[in-house]
Visitor: 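Pasting a structure here, questions to come.
Letters A, B, ... mirror the listed sequences (proteins, then strands); counts begin at 1.
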Amino acid sequence: MLQVPFIRENKDAVIKGLAKRNIDATQMINDVIDLDEDRRGLQTQLDNILAESNSLSKEIGNLYKSGETQKANILKEKTSQLKEDSKALNEQLNEKAEALNQLLYKIPNVPNTLVPSGNSEDDNEEVFRKGDIPVLHKDAIPHWELAKKYDIIDFELGNKITGAGFPVYKGKGARLQRALIAYFLDKNTAAGYTEYQLPHLVNEASGFGTGQLPDKEGQMYHVTEDNLYLIPTAEVPGTNIFRDELLNESDLPIGITGYTPCFRREAGSYGAHVRGLNRLHQFDKVEILRVEHPSRSYKALDEMVEHVKMILDELKLPYRILRLCGGDLGFTSALTYDFEVFSTAQDRWLEISSVSNFETFQANRLKLRFKNSDGKNELAHTLNGSSLALPRVLAGILENYQTEDGIKIPDVLVPYTGFEKI
RNA sequence: GGAGAAAUGGCAGAGUGGUCGAAUGCGGCAGUCUUGAAAACUGUUGAGGGUCACACCUCCGGGGGUUCGAAUCCCUCUUUCUCCGCCA
C-alpha cells in the first residue's frame, strides 16, 4: 500500500498517476489526507491525556513512599476521569485509523511514468519482438490434440481425479515438464539467484503482505479448517520471507528463485481461450524474486527482463515483450513487462512471464526495510517475475516444434529430458 | 493428540509491580593507534507516532483484564522447545 506521507506530499502526482489506471482517485486521496489529519489530531489529544496521567502516577508513587497516603488518594480520584477520557479517545482514534487503513488497501500502486494509459490488454505497448514464427506442415494441430495423439497429457483423467483445470502429465510429457523446471532453476541459479523450496500453503498475514488479501481472496483456494491459503504464485511465500525484516544495506541486493505449483480458482473465466493448457487451476512455475535498494530497482527490473529473454532465446521460441498499460497493470505493480510466446497452431500469443517492480508498495505492507547509509530505516523495493510459467511454455514447444513424425525437443533441453523427440 | 517449559532490542541474553525503553555480550557506526588493514582501546547505537526542532506518546509474541502505576500479576490465543504417543 502507499505511504501516507508520500500521498500527502505528492497528492497531484498520485492522482495523475492513478488516472492511467482509469481511476479518478481525487476523492479517495482527499479522504486519506483528511482521515490522516483527524487521526493525528486525536493522537495528540490522547498523548496529552496519557502524559498527564503518567505524571500523576509518578506523583502517587512518591507520595506512597513518603507515607502521605491521604494526598495520594486525592490524586487517585483525579486519574479516574483521565482514564475515561483516554478510553473514549482511544476508541475514536482506532476507528479513524481503521477507516484510513481500509481506504489505503483499496488504492493501487502508482504507475511508473513509462506506463502507457489504456483500458485493456489491447492498449499494451509492444517493446520487443524476436524469433521467427515457424511455418508448420499442413496437418499441424493445437497442443491439446498433440497431447492426446502422443499420450503425454491427459485432461480427462484430471477431470476424474479432481476436476477441470487439473491435467495429468504422463510419460515423456511428465519428463519434459520436469526437464523444464530443472533447466529454468539451473539458469536462475547460474545468474546468481539462490534456490529455495517454499511452502505451498500460506497464512493470512502472508497473503496480506503481498497484496492478495484482503480483496482478492476469491482468487485463492482457502483451507478454512486451518485458515490457510494455497499459493497462487511463489511470489507469496517468497516475498514473505522478508516480512518484518530490517536488513543491512550490505545485504542488498537479494535474489531468490524457486519452483512451486500454483493454485488459482480462476472463478468466472471460461471459454475457447481456456482450452488445454491455456488456463489451469493448478500449474507449475519457476519464479525469480528480488529485494533491491530503491536507487537500483529499475536497473534490476531490466536485468530480470534480459534474463528471461536469454532463456527464451535458448529455447528458440518466438516471443514478444509488452509493457502493460495502466488498465492492465496489476494492483500492486508500478511497472510490468509481460512476455508472450507465439503459439503457431493456435495462431495467438500466450502469456508466459510477467516481470514487475512493486517499488515500496509491498514493502510497506511487509515492513521490509533496510538501514541506509544515513543510519535511517528505509523501505526496500521488491520485484518478481516468472522464469517461467510451465504450461504455456510447454504448449508453445509442443505446437512450434511439431513435425509430421513427432515433436522435436529444443536442443538445450535434451540433456534434461534424455530424449530428442516425442 | 497428551504433559511440561518458554516467547524481551539487528542477534544472544538479564530483568518478577514505580527510579525500566530495559543490564551485559555480539554485531553496526564513529574515532584513537597504523603506510593500510586486523587486533586493542574510546565513544555511540531499538522501533513507530508526533514536532520546524524539542517536548510528549506507544511498543518487551497477539488480544483482553487487574492496578493510581505492568516487561513483571491474571485470562486467552499463537508460536517455539522438551518428554510421551502416532507417522512419510
Visitor: Please give the stem ranges for RNA chain B, sorted by first residue number, where a stem is three or more consecutive Watson-Crick or G-U pairs and both donor-acceptor distances are under 3.5 Å.
Guide: B:1-7 with B:78-84, B:10-12 with B:24-26, B:27-32 with B:40-45, B:46-49 with B:56-59, B:61-65 with B:73-77

Visitor: Which residue pairs pass the ring pair (Phe, Tyr, Trp, His ring centres under 6.0 Å) test with at least one member in residues 7-30 of chain A, sequence neighbours excluded?
Guide: none

Visitor: Which whole number of Å gives the distance between the P atom of B:rG15 and that of B:rA23?
Guide: 14 Å

Visitor: Determine the Euclidean distance between corresponding P atoms of B:rU58 and B:rA3; express it in Å to zero decimal places.
Guide: 39 Å

Visitor: For A:Asn124, which of A:Thr336, A:Ile321, A:Val115, A:Leu324 qualifies under side-chain contact (heavy atoms from CB on, under 4.5 Å)?
Guide: A:Leu324

Visitor: Any side chain to side chain donor-acceptor pair (under 3.5 Å) involving residues 172-181 of chain A? Give me the pairs, sequence neighbours left out, ordered by first then second residue.
Guide: A:Gln177-A:Asp284

Visitor: Could you give the CG-to-C1' distance, from A:Asn248 to B:rG27, as a whole number of Å?
Guide: 9 Å

Visitor: When the P atoms of B:rC75 and B:rA6 are compared, how many Å lie between them, rounded to an integer?
Guide: 14 Å

Visitor: Quantified in whole Å, what is the C1' atom distance between nucleotide B:rC54 and nucleotide B:rG65?
Guide: 36 Å

Visitor: Of A:Leu350, A:Leu398, A:Ile352, which meets side-chain contact (heavy atoms from CB on, under 4.5 Å) against A:Val393?
Guide: A:Ile352

Visitor: To the nearest angstrom, how far is A:Asn90 atom CG from B:rG49 atom P?
Guide: 18 Å

Visitor: In whole Å, what is the span from the CG atom of A:Leu252 to the C1' atom of B:rG10?
Guide: 14 Å

Visitor: Nearest whole Å is fine: how far is B:rG10 P from A:Asp251 CG?
Guide: 14 Å

Visitor: Which residues pass the side chain to side chain contact (heavy atoms under 4.5 Å, CB included) test with A:Asn94, not counting sequence neighbours?
Guide: A:Asn90

Visitor: Could you work out the separation of B:rU44 and B:rC52 based on their C1' atoms and round it to a whole Å?
Guide: 26 Å

Visitor: With ring centroids as reference points, do A:Phe370 and A:His293 lie under 6.0 angstrom apart?
Guide: yes

Visitor: B:rG10 C1' sits how many Å from A:Phe242 CZ, rounded?
Guide: 16 Å

Visitor: Expressed in whole Å, how much space separates the C1' atoms belonging to B:rG28 and B:rC83?
Guide: 40 Å

Visitor: Whole-Å distance between B:rA47 P and A:Leu366 CG?
Guide: 19 Å

Visitor: Does anything in residues 37-51 of chain A pair up under salt bridge (Lys or Arg N to Asp or Glu O under 4.0 Å), and if so which pairs, sequence neighbours excluded?
Guide: A:Asp36-A:Arg39, A:Asp36-A:Arg40, A:Asp38-A:Lys96

Visitor: In whole angstroms, how far is the P atom of B:rG50 from the CD atom of A:Glu37?
Guide: 12 Å

Visitor: Work out how far the C1' atom of B:rG18 is from that of B:rA71, and round it to whole angstrom.
Guide: 13 Å

Visitor: If I pick the C1' atom on B:rU16 and the same atom on B:rU72, what distance separates them, to the nearest angstrom?
Guide: 5 Å

Visitor: A:Lys371 side chain: which of B:rU51, B:rG46, B:rC57 is closest?
Guide: B:rG46

Visitor: Are A:Phe208 and A:Tyr105, when compared by the centres of their aromatic rings, separated by less than 6.0 Å?
Guide: yes

Visitor: Does the protein touch nucleotides 58-74 of chain B at the base, only the backbone, or not at all? Give it as B, S and - per nucleotide, heavy atoms under 4.0 Å.
Guide: S---------BS-----

Visitor: So what does A:Asn377 touch, heavy atoms closer than 4.0 Å: a base, only the sugar-phosphate, or nothing?
Guide: sugar-phosphate

Visitor: Please state how far atom CD in A:Glu245 lies from atom P in B:rG9, giving the value in whole angstrom units.
Guide: 12 Å

Visitor: In Å and rounded to the nearest 0.5 Å, what is the CG to CD1 distance from A:Leu180 to A:Ile409?
Guide: 8.5 Å

Visitor: I need the single residue from A:Thr257, A:Leu289, A:Leu185, A:Ile256 that forms a side-chain contact (heavy atoms from CB on, under 4.5 Å) with A:Tyr193. Which is it?
Guide: A:Thr257

Visitor: Of A:Leu46 and A:Asp36, whose closest RNA chain B nucleotide lies nearer the 5' terminus?
Guide: A:Asp36

Visitor: Would you kindly compare A:Ser55 and A:Arg369 by the position of their nearest RNA chain B nucleotide and give the one closer to the 5′ end?
Guide: A:Arg369

